[in-house]
Amino acid sequence: MAIVSRKVSDLSGQDGADHEFATVVVRQHPELDQPKALDVLAAEVEGFKEIGDLVVLEVSLPTGHTKNVAMKLADFNKLAPDMAKVLNEARGTRGRVPGTRVGNGNG
């Protein structure tokens, strides 16, 4: 009797040799609360469609609800006539607001 081990794609159920597999980590998905790893045939990865450069936003609404939004860079840049300038002049999330000085204002 022999023990035979085979690796099977989580996507298609097709088997293959270890060297034919890639690991795909699903980092964010609406139905997941933690990352999950999938074993897929390298040829199956070619079917994944890239959408180009992404901008990932955290949106805090007045209701107190916060959500994450991922969008294409080109679409994000269309939100303002000069997005590069808008971003350059935006306040940081840590530290002082641009243009402020350290000190108590006493001469």
Side-chain angles (χ1 to χ4, degrees):
M1 174 164 56
I3 297 175
V4 177
S5 174
R6 65 183 193 138
K7 198 166 194 175
V8 177
S9 169
D10 291 320
L11 299 180
S12 65
Q14 293 181 343
D15 60 354
D18 279 346
H19 71 274
E20 296 177 295
F21 279 84
T23 300
V24 176
V25 177
V26 180
R27 298 234 176 255
Q28 186 174 344
H29 186 284
E31 297 180 17
L32 297 179
D33 60 357
Q34 63 182 357
K36 300 284 185 165
L38 302 174
D39 293 318
V40 301
L41 289 165
E44 293 171 329
V45 174
E46 294 171 12
F48 294 179
K49 305 286 186 225
E50 288 192 50
I51 59 174
D53 290 333
L54 285 181
V55 176
V56 179
L57 310 168
E58 179 182 302
V59 180
S60 299
L61 299 169
T63 61
H65 180 74
T66 300
K67 64 181 181 176
N68 293 319
V69 176
M71 60 190 303
K72 293 180 182 181
L73 175 62
D75 292 335
F76 178 75
N77 287 339
K78 292 177 188 175
L79 297 174
D82 188 352
M83 186 57 79
K85 181 179 178 189
V86 170
L87 291 173
N88 188 48
E89 294 177 355
R91 64 183 170 85
T93 59
R94 295 187 283 178
R96 296 185 305 274
V97 175
T100 60
R101 291 191 213 149
V102 176
N104 61 10
N106 295 334

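The structure presented is a predicted model; accordingly, all values stated were derived computationally and were not measured. All residue numbers in this chain count up from 1 along the given sequence.
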Linking I/L/V/M/F/W/Y whenever any side-chain heavy atoms sit under 4.5 Å apart, do [X] and [Y] land together?
{"X": "Ile51", "Y": "Leu57", "result": "no"}
{"X": "Leu54", "Y": "Met83", "result": "no"}
{"X": "Phe48", "Y": "Val25", "result": "no"}
{"X": "Val40", "Y": "Val26", "result": "yes"}
{"X": "Val24", "Y": "Leu32", "result": "yes"}

Checklist line | Val45 versus Ala22, closest heavy-atom pair with distance | finding: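 In terms of heavy atoms, the two residues are closest at CG2-CB, 4.0 Å.
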| request: State, to 0.1 Å, how close Ala37 and Asp10 come at their nearest heavy-atom pair, and which atoms those are. | output: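 So the two residues come closest at O-OD2, 4.2 Å.
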Salt bridge (charged side-chain N to carboxylate O under 4.0 Å, His left out) contacts touching residues 36-57 (sequence neighbours left out):
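Pairs touching residues 36-57 that pass the test: none.
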Q.
Can you pull out every salt bridge (charged side-chain N to carboxylate O under 4.0 Å, His left out) where at least one residue sits in residues 59-85? Sequence neighbours excluded, please.
A.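 Listed once each, the pairs are Asp75-Lys78.
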Residues that [X] engages under side chain to side chain contact (heavy atoms under 4.5 Å, CB included), provided they are two or more places apart:
{"X": "Thr66", "value": "Glu58, Ser60"}
{"X": "Gln28", "value": "Asn68"}
{"X": "Ala42", "value": "none"}

*Among all residues two or more places apart in sequence or in another chain, which pass the salt bridge (charged side-chain N to carboxylate O under 4.0 Å, His left out) test with Asp15?*
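Only Arg6 meet the salt bridge (charged side-chain N to carboxylate O under 4.0 Å, His left out) criterion with Asp15.
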Answer yes or no: is there a side-chain heavy-atom contact under 4.5 Å between Leu41 and Phe21?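 With C-beta onward as the side chain, the pair touches.
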